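Following: one structure in structure tokens, then a few remarks.
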Amino acid sequence: MSEQNNATEHEQEIVEPVEQASDSVENVEAQDVETEVEAEAEAEAEAELSPEEEIAGLYAELAATKKQVADQKDSVVRAAADIENMRRRAAQDVEKAHKFALEKFANELLPVIDNLERAIEFSDKENETLKPVLEGIDMTLKSFSDAVAKFGVEMLNPQGETFNPEFHQAMSIQPSNDVSPNTVLAVMQKGYTLNGRLLRPAMVMVSKEAE
């Protein structure tokens with residue numbers, strides 16, 4: 001009988017500490033849960049903003065969105081402008097290529113025109129035998145001039161005009177009382193342009209005021 005009582009007392013001694021430990025764990029867990037709940041409540045309380053703060057935040061977001069849209073729109077406009085400029089430059093380059101592709105070829109033809117003009121200028125026009133030849137040269141010169149004119153080649157013959165250094169080259173200066181200073185007195189060699197661009201300047205004699 002005494003052995004049974006001793007066993008029971010021993011079991012109670014073992015169970016009581018276990019129960020106490022279990023109660024301690026439960027208390028700790030309960031405290032942890034309570035602490036987490038309080039922390040969440042505090043975080044929610046801190047997260048809650050006043051209506052004025054919410055409105056201010058919305059206005060700030062709206063302003064940021066508007067700025068982003070404006071920046072993107074500006075980028076699109078600049079890109080479109082760049083593309084248009086590239087297209088315009090490309091079109092101008094193509095146009096120039098068409099206009100001035102014959103520049104070198106035209107320059108090679110100018111001495112031929114010069115020689116035909118000299119043949120007519122220095123020939124004996126009173127010689128009846130040469131008249132048919134001169135007529136043929138004159139017709140050839142006219143055909144030549146008309147042909148190059150179709151491709152934008154124009155003659156510069158500034159006799160009596162005001163000297164223009166952009167298109168004329170002064171070979172000599174002659175005092176004169178008959179015309180105003182800086183007037184072309186004579187053309188030694190005609191000049192030519194190709195679609196407005198100078199191919200060869202006209203070589204001229206220019207007047208100056210007589211002393």
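All figures in this text were calculated on a predicted structure; none of them were measured in a lab. Counting from 1, the numbers follow the sequence of the chain as shown.
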**Q.** Same cluster (ILVMFWY, side-chain, under 4.5 Å), V179 and M171
**A.** yes
Q: Could you tell me whether the side chain of V187 reaches within less than 4.5 Å of the side chain of P158, counting heavy atoms only?
A: yes
Q) Going by heavy atoms in the side chains, are E117 and E121 under 4.5 Å from each other? A) no
Q: Working to the nearest 0.5 Å, report the span between CG of L130 and CD1 of I120.
A: 12.5 Å
Q: Take Y192 and I113 through the side-chain contact (heavy atoms from CB on, under 4.5 Å) test and state the conclusion after the steps.
A: CA-CA 11 Å; Y192 289 88; I113 297 175; 3.3 Å; yes
(Q) Salt bridge or not between E84 and R88? Use side-chain N to carboxylate O under 4.0 Å. (A) yes
Q) Does N85 use its side chain to pair, donor to acceptor, with the backbone of A81 at less than 3.5 Å? A) yes
Q) Out of curiosity, T65 OG1 to E61 CD, how far, rounded to the nearest 0.5 Å? A) 7.0 Å
Q.
Are there over 12 heavy-atom neighbours, none belonging to E209, within less than 6.0 Å of that residue's CD?
A. no
Q. Are V112 and V153 connected, step by step, through hydrophobic side chains (Ile, Leu, Val, Met, Phe, Trp, Tyr) whose heavy atoms are closer than 4.5 Å?
A. yes
Q: Take atom CD of E154 as the centre, draw a 6.0 Å sphere, and report whether it contains more than 12 heavy atoms from other residues, nucleotides or ligands.
A: no
Q: Measure across A170 and V206 and return the closest heavy-atom pair with its distance rounded to 0.1 Å.
A: CB-CG2, 3.8 Å
(Q) Within this structure, what is the CG-CE distance for the pair D93 and M86, rounded to the nearest 0.5 Å? (A) 11.0 Å
(Q) side-chain contact (heavy atoms from CB on, under 4.5 Å) for K208 and Q174? Distances and angles first, verdict last. (A) CA-CA 6 Å; K208 70 175 184 177; Q174 180 72 34; over 6 Å; no
**Q.** Hphob cluster co-occupancy, L199 + L109, side-chain heavy atoms under 4.5 angstrom
**A.** yes
Q) Would L185 and M203 show up in the same hydrophobic cluster when neighbours are defined by side-chain heavy atoms closer than 4.5 Å? A) yes
Q. Between atom CG of D124 and atom NZ of K131, what is the distance when rounded to the nearest 0.5 Å?
A. 10.0 Å
Q: Identify the heavy atoms of F151 and L194 that sit nearest to each other, and give their distance.
A: O-CD1, 3.3 Å
**Q.** For F163, all residues meeting ring pair (Phe, Tyr, Trp, His ring centres under 6.0 Å), sequence neighbours excluded
**A.** H168
Q: Verify the cluster assignment for M155 and I137: are they in a single hydrophobic cluster under the rule of side-chain heavy atoms below 4.5 Å apart?
A: yes
Q | Where M188 and S172 come nearest, the two heavy atoms and their spacing | A | CE-OG, 3.5 Å
Q | Polar side-chain atom of S123 near backbone of K125 as donor-acceptor pair, under 3.5 Å | A | no
Q: Working to the nearest 0.5 Å, report the span between NZ of K73 and CG of D71.
A: 12.0 Å
Q. For Q189, which of V204, L156, D114, L110 qualifies under side-chain contact (heavy atoms from CB on, under 4.5 Å)?
A. D114
Q) Distance-only, no hydrogens or angles: does the T183 side chain make a donor-acceptor pair with backbone N or O of S207 under 3.5 Å? A) no
Between side-chain atoms of residues 141-148 and protein atoms elsewhere (two or more places apart, or another chain), which donor-acceptor pairs fall under 3.5 Å?
residue	atom	partner	partner atom	Å
K142	NZ	D146	OD2	3.1
S143	OG	M139	O	3.0
S145	OG	L141	O	3.0

